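What you see is a predicted model; the values in this text were computed from it and never measured. Atoms considered below: every heavy atom in the structure, side chains included; atoms not considered: hydrogens, waters and symmetry mates.
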Amino acid sequence: MAFRVAISGLKAASGELDVIGNNIANSNTSGFKKSRAEFVDVFAVTNVGGSGSTPGSGVRLSAIRQQFTQGNISFTDNNLDMAINGNGFFLLDDGGTQIYSRSGAFGVDRNGFLANAEGQNLIAFGADASGNITGAAGPIEVNTSNIPPQATTAMTVDLNLDAAQSAPPVGVFSATNPNSFNHSTSTTIFDSLGNSHLASMYYVKTASPVTPTTVSPGTFTPAQSNGSAAMQNDSAVSGVHTTSVAAPGLAQTYSINVDGVTAFSFTSTPNTPSTTGASGAFTDATSQTDGQNFNLTVGGVQILDVTQAGGVPETIDDARLDAALTAATAALNAAGITFTGTFAGDDVVFSRADGAAFNVVVANTFDNPAGGFAGANYAVGTNANANAGTAPEDVTAAEIDAGIAAATTALNTAGISVSGSAAGGNLRFSRVDGTSFDVIVNNTFSGTPGGLAGADFATGTNTINNGAPAVAPTDTAFTMSIDGTPFFTEAAAIGGTVTAAELDAALGTFIAGSGGAYAIDSGSIAGGDLVLSKADGTDVTITIDSNFTGTPGSFAGALVSTNGTPSVATNIWDTYTFVNGVQVDGPSTLTFSTAGALITPAGGIVTIPAFTPAGGGAAINMTQDYSSTTQFGSAFSVNSLSQDGFTTGRLSGLDIDSEGIIFARFTNGQSNVQGQIALADFPNPQGLQPVSDTSWGETFSSGAVTVGAPGTASLGLIQSGSLEQSNVDLSEELVNMIIAQRSFQANAEVISTSDAVTQSIINLR
């Protein structure tokens, strides 16, 4: 019995030494939690209980429990190292399995995720584009891409303008003349591409509010011009174009040239005559009975027609054919057919110069013998073989109109317009500026000359209707100006009218572009009750410059005002804005109260008109916020000057605060929230199942996991740039190791003593 009890003691002591050894081995492992060996005694009992005098059966190791006390926190030079100061565990994604750890040695892996050395990804709450933390938790990916640039849209200008200063000595502002402004400051703004631009603001002490001058010109009499336009110069063609046909066998030309521009040109191609030649020798034919007939017709012209009558035979031979052909020459020529050769020579060739097809017809009923031509092309019957040619080309009205239409652009470039058509008989060339020009027609078609019907368009080269000298228009103009600046002009008003409505429209545009220098207090020109004011109190003058000779037009009332109030220095400043040396705004007025507070503009906002700086970026729309600007009796100072634009930026670092918020810092000074570290906690952390790499897994004994943000509920805070050390106390472990060693030795002694006792018993024999 003693042996077994001692052996259980040896096992228990050995197990405790194992636990102590593991604690000592991991004394430098970050996030490691020490373990404690727990023992229970072993006592043999039965169903009815045990005897009070029965010794125990030894000891056994009942549990090894980890102690989740806080370890010391040591600082590192890596911002991504994290320690949990308080309760909680880091959540890790280990290939799809969620595990938990107190070891916070993290870095960015090759895929951009925060992970530890074992490749386990850190789980965090995500953030939206505005930096708000969302409820979705997952592996946190660090966005390492460049952030796009942002164009400047708002500038905040916090100044103090010296109330003691007076207007500068030079009254006309110029950014290049320091004597024309009191103060200036500048900052950098950005366009949509991230290009930087220097924005400079200049401040000029100005006069006090003034009583504006006003002028009421009264009713306007409409102005009527009686000028005349320049005389138009025309070359008109009368008559419908008749088709022109080229002479057979010739290349002939038809062209129309207007003031040096070819409006139409065509040159014909010589045509091909149609021919039919006789082939083979003619065999004499003799009739045998009355009524037998021999007939030869060429192109509808009868050459020979012989019929036997009265019982007298008829004979057709070469000589008779040649004689008949000679006799029919005139009739053939009249039909447009010529011939060469003879029947006796077997080389007769019929031709038609115009290329039209014609037939050679042979009708032969002589049968004693049949006789006739030997060639197959001249068998009895109607034949039209190899006699087609090409006809001479022509020029029609439709062709001329099509050619002129194609040349319209070239004619218009030369100042020539075209109306009518050759087919319609009303073709007209015109020049509105009145200068003279020539129309030249060249027609050498001599088959059927054709052409335009007018007498000036006969065959040959003709110069037609070359125009009359130009007549200049009557020069008329109406101009209205305010203080010498024209705001309405109607020039060459040929029969035109200047009305009050037109003047009102132009005046409205002028007022809108005056930057507040002028205003319409009430009424309109059309209503006859216009009241026009000038803000600076100086005289305003309306002038009319008109050479309209019909009705010059005028106002009923005075056109000069004198009722303004001179200006004096007070609490008003003009501000001008320049970008890259180019003025984009100004003057914009800043007005202060006697207490130095800004009164106008309302809300302190100055809106800069859209402008497009150099560099290819989009137009910049920007406001300036002067709401914090003051005018006190102290020196000019710039308290703050900021704007909301920035150039593109690269990731320069990550910061993590105590609540686990991950900030990304960029080279352009911007930062954004990437996410928030998620922490886990359990009702019974000691029920967690240890896994490799200083991590634990959830079990039934641990209870369900609770996930939250650092610093909420019972969860601790995050210490960035530091690691939690092992909670192993080496001194304590060494003392425990001595105790375990003594226990082991004592149990070994029990075995030794039991062995000696047993040996003594054995030796009793």
Side-chain angles (χ1 to χ4, degrees), residues 167 170-174 204 206-228 473-568 570 572 574 576 583 585-589 591 600-601 609:
V170 175
V172 179
F173 168 76
S174 172
V204 181
T206 63
S208 63
V210 298
T211 301
T213 57
T214 59
V215 59
S216 302
T219 304
F220 175 74
T221 302
Q224 179 72 46
S225 169
N226 62 354
S228 62
T474 301
D475 182 17
T476 56
F478 182 101
T479 299
M480 184 176 291
S481 303
I482 293 179
D483 289 342
T485 301
F487 72 88
F488 177 86
T489 297
E490 185 170 318
I494 303 164
T497 301
V498 175
T499 65
E502 291 178 288
L503 295 178
D504 274 327
L507 179 61
T509 301
F510 174 82
I511 295 296
S514 71
Y518 298 89
I520 297 176
D521 288 354
S522 63
S524 66
I525 296 176
D529 54 357
L530 173 71
V531 178
L532 177 69
S533 64
K534 187 175 182 181
D536 64 3
T538 59
D539 290 351
V540 55
T541 303
I542 299 175
T543 56
I544 294 177
D545 181 11
S546 172
N547 60 1
F548 276 26
T549 55
T551 301
S554 63
F555 284 101
L559 301 182
V560 178
S561 66
T562 57
N563 62 342
T565 301
S567 61
V568 295
T570 187
I572 299 177
D574 282 341
Y576 299 81
Q583 184 174 350
D585 181 59
S588 293
T589 301
T591 305
T600 58

Quiz item: Who passes salt bridge (Lys or Arg N to Asp or Glu O under 4.0 Å) against Asp545, sequence neighbours left out?
Solution: none

Quiz item: Just how far is it from atom CD1 of Ile525 to atom CD1 of Ile520, taken to the nearest 0.5 Å?
Solution: 7.5 Å

Quiz item: Considering all heavy atoms of both residues, which atom of Phe220 and which atom of Thr499 are nearest to each other, and what is their separation?
Solution: CE2-C, 4.2 Å

Exercise. May I ask you to decide if the ring planes of Phe478 and Phe488 are parallel, tilted or perpendicular, using 30° and 60° as cut-offs?
Key: perpendicular

Exercise. Find out whether Ile544 and Phe555 are in side-chain contact, i.e. whether some heavy atom of one side chain is under 4.5 Å from a heavy atom of the other.
Key: yes

Exercise. Could you pull out all residues at least two apart from Ser524 that satisfy side-chain hydrogen bond (donor to acceptor under 3.5 Å, both in side chains)?
Key: none

Practice problem: Kindly indicate, with the supporting measurements, whether the criterion side-chain contact (heavy atoms from CB on, under 4.5 Å) is fulfilled by Tyr576 and Val204. | Solution: CA-CA 8 Å; Tyr576 299 81; Val204 181; 3.9 Å; yes

Quiz item: Are side-chain heavy atoms of Asp585 and Pro609 found at a separation under 4.5 Å?
Solution: yes

Quiz prompt | Contact summary for Ala500 and Ala526, nearest pair of heavy atoms | solution = CB-CA, 3.5 Å

Self-check item: Ile482: which of Leu507, Thr541, Thr543 passes side chain to side chain contact (heavy atoms under 4.5 Å, CB included)
Solution: Leu507

Quiz item: Tell me, do Thr589 and Ile572 make a side-chain contact under 4.5 Å, heavy atoms counted?
Solution: yes

Quiz item: Is it true that Asp539 and Lys534 make a salt bridge, defined as a side-chain N closer than 4.0 Å to a carboxylate O?
Solution: no

Quiz item: Which heavy atom in Pro552 sits nearest to a heavy atom in Ser546, and how many Å separate them?
Solution: O-OG, 3.6 Å

Practice problem: Can you see which heavy atom on Met480 is nearest to which on Leu503, and at what distance? | Solution: CE-CD1, 3.5 Å

Self-check item: Separation between OG of Ser514 and CG of Asp483, rounded to the nearest 0.5 Å
Solution: 11.0 Å

Quiz item: Just by distance, do the side chain of Gln583 and the backbone of Gly586 share a donor-acceptor pair under 3.5 Å?
Solution: yes

Quiz prompt | For the student: nearest non-hydrogen atoms of Pro217 and Ile542, plus distance | solution = CG-CD1, 4.2 Å

Quiz item: Counting only N and O atoms by type, is there a donor-acceptor contact under 3.5 Å from the side chain of Asp521 to the main-chain atoms of Leu532?
Solution: no

Quiz item: What's the shortest heavy-atom distance between Thr479 and Ser481, and which atoms?
Solution: CG2-OG, 4.1 Å

Exercise. Give, for atom CZ of Phe510 and atom OG1 of Thr485, the distance between the pair rounded to the nearest 0.5 Å.
Key: 5.5 Å

